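Reminder, nothing fancy here: chain letters follow the sequence lines and each chain counts from 1. Here the structure is a predicted model, which means the values were calculated and not measured. Computation of the quantities below employed the complete heavy-atom set of this structure, encompassing side-chain atoms and omitting hydrogens, waters and symmetry-equivalent molecules.
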Number of protein chains: 2
Amino acid sequence: MKRVKKKLLSDFIARKGLKSTRQRDTILDFFLASDRHMSIEELYLKVRAKHPNIGYATVYRTLKLFVEAGLAREIQFADGQTRYEHVNEGEHHDHLVCTHCGTIVEFENPVIEKLQDEVAKSHGFLIETHKMEIYGLCPKCH
Amino acid sequence: MKRVKKKLLSDFIARKGLKSTRQRDTILDFFLASDRHMSIEELYLKVRAKHPNIGYATVYRTLKLFVEAGLAREIQFADGQTRYEHVNEGEHHDHLVCTHCGTIVEFENPVIEKLQDEVAKSHGFLIETHKMEIYGLCPKCH
DNA sequence: ATGTTTATGAAAATCACTTTCAATGTTCTT
DNA sequence: AAGAACATTGAAAGTGATTTTCATAAACAT
């Protein structure tokens with residue numbers, strides 16, 4: 001899995017004539033080792049604990065690069081922080097977010113997906129993406 | 001309908017020991033007369049055209065007040081601007097957003113709602129709210 | 001009317017990015 | 001291996017959208 005992501009990135013870098021750097025490798029390792037749904041700030045803090053010389057802007061730019069390379073995806077929850085989650089080929093999921101402790105649980109529901117497609121079609125929309133989040137209290141918080 | 005909203009607000013103001021002001025009345029009128037899904041900026045500009053003395057901060061605070069009073073709801077789309085929509089009792093809807101022209105269409109789908117409840121329950125979540133947005137091209141844009 | 005308390009407007013402060021720029025690094029060519 | 005050519009980095013400045021501060025002005029109870 002990690003091997004696949006690393007290859008995705010190095011291929012992207014080669015294809016675009018970019019350069020492979022120590023910072024990018026380090027940030028990728030931390031991203032792959034981390035929980036899903038990290039904000040820039042969170043990842044930056046983790047990275048900085050071990051690599052105090054890596055700056056916020058580099059983490060920011062590298063995360064954008066991961067998105068372009070297809071190994072991460074941006075998501076926005078109601079807390080106003082952009083988060084980045086891992087992309088696994090052919091997988092789509094939505095989220096349950098605990099409004100108390102912030103826990104994020106992923107789920108898939110093909111029936112909902114299908115209904116969304118139908119709704120879009122019935123309004124004449126050409127669907128590109130969709131997002132769905134359910135907010136509430138997780139088992140631990142009630 | 002408007003009468004109901006105005007009462008919601010005046011009741012809230014009374015209950016909380018707040019004060020009823022000309023600005024709040026004016027902003028409420030503009031909000032009720034407006035399209036749904038207004039950003040603070042948009043509403044501020046409309047209000048200011050007729051009432052140049054009402055400041056941005058007042059519109060901002062008043063919209064928050066509407067949310068507390070239960071007659072408006074905040075929504076965030078992928079464009080990074082907070083918008084406020086009208087709350088109508090017992091109504092829930094989701095959104096189709098055109099990624100080209102920004103048009104927002106509302107829809108309701110009870111089957112999806114029910115499936116969402118089931119998903120939440122199956123993960124032990126106590127559901128509070130949810131949101132779902134479908135992004136794509138509207139009929140005019142393709 | 002008057003005092004008490006809340007609301008307002010303008011400006012300053014925050015927040016979460018996003019960009020700039022001089023200094024470094026990489027990779028490519030000899 | 002050296003230098004050229006170009007991309008990347010870190011620190012700091014800049015942005016855009018709020019959010020807060022604070023002195024002044026309005027409400028409302030007395």
Engineer: If you count the non-hydrogen atoms of other residues, nucleotides and ligands that lie under 6.0 Å from CD in B:E89, is the total more than 12?
Structural biologist: no
Engineer: Please say whether more than 12 non-hydrogen atoms of neighbouring residues, nucleotides or ligands are located less than 6.0 Å from CZ in A:R48.
Structural biologist: no
Engineer: Do any pairs count as a ring pair (Phe, Tyr, Trp, His ring centres under 6.0 Å) and have a residue in residues 20-48 of chain B, sequence neighbours left out, and if so which ones?
Structural biologist: B:F30-B:H51, B:F31-B:F66, B:F31-B:H86, B:H37-B:H95, B:Y44-B:Y56
Engineer: Name the pairs: protein N/O against N/O of nucleotides 25-27 of chain D, kept only if under 3.5 Å.
Structural biologist:
{"unit_1": "D:dA27", "atom_1": "N3", "unit_2": "B:K19", "atom_2": "NZ", "d": "3.4"}

Engineer: Just grab all the side chain to side chain donor-acceptor pair (under 3.5 Å) pairs involving residues 16-34 of chain A, residues at least two apart or on different chains.
Structural biologist: A:K6-A:D29
Engineer: For B:D79 and D:dG16, give me the distance from atom CG to atom P, rounded to whole Å.
Structural biologist: 15 Å
Engineer: Starting at CG of A:D25 and ending at P of D:dT8, how long is that distance when rounded to a whole Å?
Structural biologist: 13 Å
Engineer: Taking atom types as modelled and ignoring hydrogens, do the side chains of B:K5 and B:N88 form a donor-acceptor contact shorter than 3.5 angstrom?
Structural biologist: yes
Engineer: With a 4.0 angstrom cut-off to heavy atoms of chain B, pull out the first and last contacting nucleotide of DNA chain C, in 5'-to-3' order.
Structural biologist: C:dT5 to C:dA10
Engineer: Starting from the C-alpha separation in whole Å, work towards a yes-or-no answer on side chain to side chain contact (heavy atoms under 4.5 Å, CB included) for A:I75 and A:K131.
Structural biologist: CA-CA 9 Å; A:I75 34 173; A:K131 61 192 269 190; over 6 Å; no
Engineer: May I ask you to check whether over 12 heavy atoms, not counting those of A:K46, lie within 6.0 Å of atom NZ?
Structural biologist: no
Engineer: With DNA chain D as reference, determine whether A:N53 or B:Y84 sits nearer its 5' end, using the nearest nucleotide of each.
Structural biologist: A:N53
Engineer: Do A:L43 and A:L9 land in one hydrophobic cluster if side-chain heavy atoms of ILVMFWY residues count as linked below 4.5 Å?
Structural biologist: yes
Engineer: Remember a base hit wins even if backbone is also touched, and classify A:S39 as base, sugar-phosphate or nothing at under 4.0 Å, heavy atoms.
Structural biologist: nothing
Engineer: For A:Q76 and D:dT18, what is the distance between atoms CD and P respectively, to the nearest whole Å?
Structural biologist: 13 Å
Engineer: What is the distance, rounded to the nearest whole Å, between atom CE of B:M38 and atom P of D:dT18?
Structural biologist: 13 Å
Engineer: With DNA chain C as reference, determine whether B:Y44 or B:L18 sits nearer its 5' end, using the nearest nucleotide of each.
Structural biologist: B:L18
Engineer: Determine whether B:E74 and B:Y84 make a side-chain contact, defined as any pair of heavy atoms from C-beta on separated by less than 4.5 Å.
Structural biologist: yes
Engineer: More than 12 heavy atoms of other residues, nucleotides or ligands under 6.0 Å from NE2 of A:H100: is that the case?
Structural biologist: no
Engineer: Please list all pairs meeting ring pair (Phe, Tyr, Trp, His ring centres under 6.0 Å) that have one or both residues in residues 122-142 of chain B, counting only residues at least two apart or in different chains.
Structural biologist: B:H92-B:H130
Engineer: Would you classify B:Q81 as touching base, sugar-phosphate or nothing, given that sugar-phosphate means primed atoms plus P, OP1 and OP2, and contacts are heavy atoms under 4.0 Å?
Structural biologist: sugar-phosphate
Engineer: Between C1' on D:dT9 and CD1 on A:I13, what's the gap in Å once rounded to a whole number?
Structural biologist: 14 Å
Engineer: Kindly state which residues belonging to residues 55-74 of chain B come within less than 4.0 angstrom of DNA chain C, counting heavy atoms of the residue only, listed by number.
Structural biologist: B:G55, B:A57, B:T58, B:R61
